[in-house]
K.L.:
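The structure under discussion is supplied below as structure tokens; questions concerning it will follow.
Just so it is clear: chains get the letters A, B, ... in the order the sequence lines come, proteins before strands, and each one is counted from 1.
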Amino acid sequence: MLTIQLIRQETEYVKERLAVKNFKNIALVNEIIVLDDNRRKLQLERDDAQNEMNSRSREIGIAIKEKDMAKAESLKNETAELKEKIRVLNQQHDDVVAELNNKLVLLPNLPHASVKAGHSAEDNEIIHSEGAIPELGPDAVPHWELTSKYKLIDFELGVKITGAGFPVYTGLGARFQRALINYFLTEAVKAGYTEIQPPLMVNEASGYGTGQLPDKDGQMYYANEDNLYLIPTAEVPVTNIYRDVILKAEDLPVKNVAYSACFRREAGSYGKDVRGLNRLHQFDKVEIVQISTPDKSYAVLEEMRVHVASLIQGLGLPFRVLRLCGGDISFTSALTYDFEVFSAAQQKWLEVSSVSNFESFQSNRMKLRYKDAEGKTQLAHTLNGSALALPRIVASLLENNQTPDGIRVPEVLVSFMGTDIIK
RNA sequence: GGAGAGAUGCUCGAGCGGUUGAAGAGGCACGCCUGGAAAGCGUGUAGUCGCCUAAAGUGGCUCGUGGGUUCGAAUCCCACUCUCUCCGCCA
């Protein structure tokens with residue numbers, strides 16, 4: 001969430017940037033400031049009363065020590081009224097704080113200066129594009145036919161065991177998953193990331209820390225009995241490692257990479273976009289997470305963008321990079337680059353990665369801080385990106401690399417796959 | 001799942017109702033000493049929210065979390081969470 005200091009000090013700027021995100025309830029900003037004024041006023045009154053009470057108590061203690069019981073008793077009798085006053089003020093203060101917090105979490109992150117206004121995915125800016133779009137023959141088919149032809153993925157079997165959106169990978173299909181995960185992890189480690197294997201379930205505090213809760217709880221699978229959520233992305237456990245942590249300046253930047261299965265309910269999705277591998281309830285992803293000082297976070301974002309691009313280049317897929325517009329960027333992000341690869345048989349672009357700088361939006365929620373050179377405690381910046389999500393990469397590799405003799409395996413995967421062709 | 005023990009600052013550890021945000025030790029930082037270092041000596045060393053234009057100063061809260069008792073709680077009571085030991089079960 002945004003810090004109250006920023007909202008108070010840069011009120012007009014905050015409103016302007018919220019408008020770029022098409023945030024409708026701009027009046028909320030003023031409501032928050034009024035609540036905060038109120039909170040301060042109440043705190044002042046309460047603190048004064050409490051201070052008064054504390055000194056009375058001390059006097060009583062001294063009187064008792066001096067064996068002056070009469071004085072102690074009379075002092076005691078004077079405290080009842082004060083005590084009640086404090087109780088009331090405390091209650092009022094806590095109520096205002098709760099209300100303030102409830103409103104504060106409704107404000108999305110402010111988009112970075114480079115983010116343009118816009119209403120939908122149509123308005124995203126294509127800032128880079130490379131790789132030749134393959135010309136497939138007339139016999140080319142979409143990946144869901146290839147996966148069944150070569151017995152790589154059994155969607156129906158997944159339905160039997162679990163339900164729609166939980167495919168079963170078999171034979172070279174399963175090996176293909178492992179090969180990609182290996183390739184992505186290996187490249188990340190080469191780039192200086194520390195490999196992490198996180199829990200796949202998280203508690204409420206973690207969901208709140210990265211912003212999935214309270215608003216997106218319907219998108220996560222939930223184990224009621226233990227009050228735990230299945231992770232929608234490794235971002236959640238990996239970023240929450242640093243919840244309530246004060247890092248030393250020399251610990252930064254933190255660079256972590258994690259492979260995990262990801263679970264998403266995708267409530268409300270339907271239609272042709274969900275066909276085959278385009279949208280699943282369970283899928284594999286390698287995620288990179290960095291924690292940086294504020295002055296370096298945009299350089300870090302660029303570094304991550306280059307890293308993701310290099311992975312896709314390694315696989316030989318045509319791709320483009322979009323800078324998301326205000327209307328399409330997520331609630332928590334300040335700047336997001338989406339990577340899309342071209343899926344030749346479906347003739348469409350598929351999103352395979354999203355690389356974002358959250359600035360201090362997540363760290364403010366989870367109290368992730370660092371001590372700067374002067375020893376002052378400051379909020380760190382958090383960033384993350386998919387590097388990469390598997391299903392759509394698999395879809396486009398299968399489609400783009402299909403030949404009459406089988407599916408060509410990209411050079412970088414051959415050693416992991418044990419073959420250069422799937423047939 | 002059953003029985004027991006415990007949770008204090010960067011770390012260890014004392015405190016078990018009264019100026020205790022917390023003794024002591026270690027670590028770390030700075031200073032003195034030294035040609036330089038070690039040792040020694042001295043000083044400092046939590047977070048957070050307020051008040052104050054800022055600095056200085058000052059007030060509230062925080063001893064796992066949340067409640068309660070009391071004029072006053074790290075200390076007493078209740079609930080919860082977590083850790084450790086033993087037993088059971090188990091990849």
Side-chain angles (χ1 to χ4, degrees), chain A residues 1-11 32-105 197 199-209 213 223-229 237 240-252 254 261 360 363-380:
Chain A
M1 61 187 163
L2 299 177
T3 63
I4 189 72
Q5 294 89 332
L6 180 74
I7 294 170
R8 294 189 73 100
Q9 284 160 21
E10 309 284 346
T11 311
I32 285 170
I33 291 173
V34 169
L35 278 171
D36 191 53
D37 287 340
N38 204 233
R39 178 197 125 240
R40 289 175 184 218
K41 200 188 99 217
L42 285 165
Q43 183 180 339
L44 192 58
E45 285 179 45
R46 185 206 54 188
D47 287 359
D48 282 348
Q50 188 60 251
N51 185 23
E52 176 75 22
M53 183 63 120
N54 290 346
S55 39
R56 293 282 175 88
S57 295
R58 251 168 304 195
E59 284 172 37
I60 293 171
I62 290 164
I64 290 173
K65 211 167 237 168
E66 291 168 349
K67 302 267 191 285
D68 191 347
M69 299 321 272
K71 187 181 172 194
E73 279 310 311
S74 82
L75 279 168
K76 271 193 204 181
N77 292 336
E78 288 169 22
T79 58
E81 199 181 324
L82 238 187
K83 200 177 183 181
E84 175 61 13
K85 183 178 169 190
I86 290 168
R87 198 191 61 76
V88 171
L89 282 170
N90 237 328
Q91 186 59 52
Q92 289 175 344
H93 175 265
D94 291 351
D95 288 348
V96 169
V97 167
E99 200 185 343
L100 179 61
N101 247 305
N102 288 341
K103 298 213 170 183
L104 222 37
V105 297
Q197 194 167 111
L200 302 182
M201 301 189 93
V202 293
N203 58 28
E204 234 177 322
S206 294
Y208 181 82
L213 295 175
N224 184 52
E225 189 108 59
D226 299 295
N227 193 211
L228 295 172
Y229 296 85
N240 273 283
I241 292 172
Y242 305 95
R243 170 156 47 83
D244 292 317
V245 167
I246 301 177
L247 292 160
K248 298 194 202 84
E250 63 261 33
D251 294 335
L252 298 171
V254 168
S360 60
S363 55
N364 185 35
R365 274 195 180 204
M366 66 172 98
K367 304 283 168 270
L368 193 187
R369 292 160 295 173
Y370 74 100
K371 269 205 199 314
D372 67 15
E374 285 92 55
K376 268 186 73 182
T377 306
Q378 307 224 25
L379 292 173

K.L.:
Is A:K371 touching bases, backbone alone, or none of the nucleic acid, heavy atoms closer than 4.0 Å?
P.N.:
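Sugar-phosphate only.
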
K.L.:
Which listed nucleotide (B:G59, B:G50, B:G47) is nearest to the side chain of A:I246?
P.N.:
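Selected nucleotide (nearest to the side chain): B:G47.
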
K.L.:
What integer number of Å spans the C1' atoms of B:G9 and B:A22?
P.N.:
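The same atom, C1', in both gives a distance of 9 Å.
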
K.L.:
Using the C1' atom in both, what is the distance from B:G6 to B:G64, to the nearest Å?
P.N.:
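Here B:G6 and B:G64 have their C1' atoms 11 Å from each other.
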
K.L.:
Students often get this wrong, so: under 4.0 angstrom with heavy atoms, is A:R56 touching a base, only sugar-phosphate, or nothing?
P.N.:
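No contact.
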
K.L.:
Rounding to a whole Å, what distance do you find between A:L247:CG and B:G47:P?
P.N.:
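My rounded result for the distance is 14 Å.
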
K.L.:
Could you work out the separation of B:C30 and B:A37 based on their P atoms and round it to a whole Å?
P.N.:
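Their P atoms lie roughly 12 Å apart.
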
K.L.:
Tell me what A:I60 touches on the nucleic acid: a base, only sugar-phosphate, or nothing, going by heavy atoms under 4.0 Å.
P.N.:
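Touches a base.
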
K.L.:
I'd like to know if A:D47 pairs up with A:R40 as an ion pair, taking the criterion as any Lys NZ or Arg NE/NH1/NH2 lying under 4.0 Å from an Asp or Glu carboxylate oxygen.
P.N.:
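A:R40 and A:D47: not salt-bridged.
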
K.L.:
With rounding to the closest Å, how many angstrom separate the C1' atoms on B:A25 and B:C77?
P.N.:
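Those two atoms are separated by 34 Å.
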
K.L.:
Between A:D95 and A:Q91, do the side chains contain an N or O donor and an N or O acceptor separated by less than 3.5 Å?
P.N.:
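Judged by distance alone, the side chains do pair up.
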
K.L.:
The side chain of A:K83 is closest to which nucleotide in this list: B:G72, B:G60, B:U19?
P.N.:
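Looking only at side-chain atoms, A:K83 lies closest to B:G72.
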
K.L.:
Who is the Watson-Crick or G-U wobble partner of B:U53, with both distances under 3.5 Å?
P.N.:
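For B:U53, the partner nucleotide comes out as none, under the 3.5 Å rule.
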
K.L.:
Using OP1 and OP2 only, check whether a side-chain N or O of A:R46 sits under 4.0 Å from B:C49.
P.N.:
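Checking A:R46 against B:C49: no side-chain N or O falls below 4.0 Å of OP1 or OP2.
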
K.L.:
Is any N or O donor-acceptor pair between the side chain of A:N51 and the base of B:G59 shorter than 3.5 Å?
P.N.:
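Donor-acceptor pair under 3.5 Å: no.
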
K.L.:
Atom CG of A:L228 and atom C1' of B:U81: how far apart are they, to the nearest Å?
P.N.:
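About 13 Å, once rounded to whole Å.
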
K.L.:
With C1' as the reference atom in both, quote the distance from B:A3 to B:A91 in angstrom, rounded to an integer.
P.N.:
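The same atom, C1', in both gives a distance of 26 Å.
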
K.L.:
Would a 4.5 Å heavy-atom cut-off, applied to side chains only, mark A:N240 and A:V202 as touching?
P.N.:
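No; the side chains remain at least 4.5 Å from each other.
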
K.L.:
Between A:R56 (side chain) and A:L75 (backbone), is there a donor-acceptor pair under 3.5 Å?
P.N.:
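Such a contact is absent between A:R56 side chain and A:L75 backbone.
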
K.L.:
Whether A:R39 contacts B:C49 is assessed here as follows: a side-chain N or O lying under 4.0 Å from the phosphate OP1 or OP2. Is that the case?
P.N.:
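Checking B:C49 against A:R39, no side-chain N or O comes under 4.0 Å of OP1 or OP2.
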
K.L.:
Ignoring backbone atoms, test whether A:R40 places a side-chain nitrogen or oxygen under 4.0 Å from the OP1 or OP2 oxygen of B:G50.
P.N.:
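Indeed, a polar side-chain atom of A:R40 lies that close.
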
K.L.:
Taking CE from A:M69 and C1' from B:G72, how many angstroms apart are they, rounded to a whole number?
P.N.:
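So the two atoms are 14 Å apart, to the nearest Å.
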
K.L.:
Taking atom P in both B:G40 and B:C49, what distance in whole Å separates the two?
P.N.:
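Here B:G40 and B:C49 have their P atoms 39 Å from each other.
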
K.L.:
Over all strands shown, is A:I64 touching base, sugar-phosphate only, or nothing at heavy-atom distances under 4.0 angstrom?
P.N.:
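It contacts base atoms.
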
K.L.:
Can you check the distance between B:C10 and B:G47, where both ends of the measurement are the P atom (answer in whole Å)?
P.N.:
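One P to the other, the span is 8 Å.
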
K.L.:
Looking for any heavy atom pair under 4.0 Å, which part of the strands does A:N54 touch: base, sugar-phosphate only, or nothing?
P.N.:
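The answer is sugar-phosphate, as A:N54 gets under 4.0 Å only of primed atoms, P, OP1 or OP2.
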
K.L.:
Name the residue closer to the 5' end of RNA chain B, choosing between A:M53 and A:D48 according to the nucleotide with the nearest heavy atom.
P.N.:
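Residue closer to the 5' terminus by nearest nucleotide: A:D48.
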
K.L.:
Looking for any heavy atom pair under 4.0 Å, which part of the strands does A:S55 touch: base, sugar-phosphate only, or nothing?
P.N.:
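If one applies the 4.0 Å heavy-atom cut-off, A:S55 turns out to touch nothing in the nucleic acid.
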
K.L.:
Select base, sugar-phosphate, or nothing to describe what A:Q43 touches, counting heavy atoms under 4.0 Å on all strands.
P.N.:
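Base contact.
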
K.L.:
With rounding to the nearest 0.5 Å, note down the distance linking CD1 in A:I7 to OG1 in A:T3.
P.N.:
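The CD1 atom of A:I7 sits 6.5 Å away from the OG1 atom of A:T3.
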
K.L.:
State whether a side-chain donor-acceptor pair under 3.5 Å links A:N203 with A:S206.
P.N.:
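A:S206 and A:N203 do have a side-chain donor-acceptor pair below 3.5 Å.
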
K.L.:
Here's a test of your reading of the structure: between A:I4 and A:L75, which maps to the more 5' nucleotide of RNA chain B?
P.N.:
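The residue closer to the strand's 5' end, by nearest nucleotide, is A:I4.
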
K.L.:
Just checking A:S57: base, sugar-phosphate only, or nothing, at a heavy-atom cut-off of under 4.0 Å?
P.N.:
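Since a base atom lies under 4.0 Å of A:S57, the category is base.
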
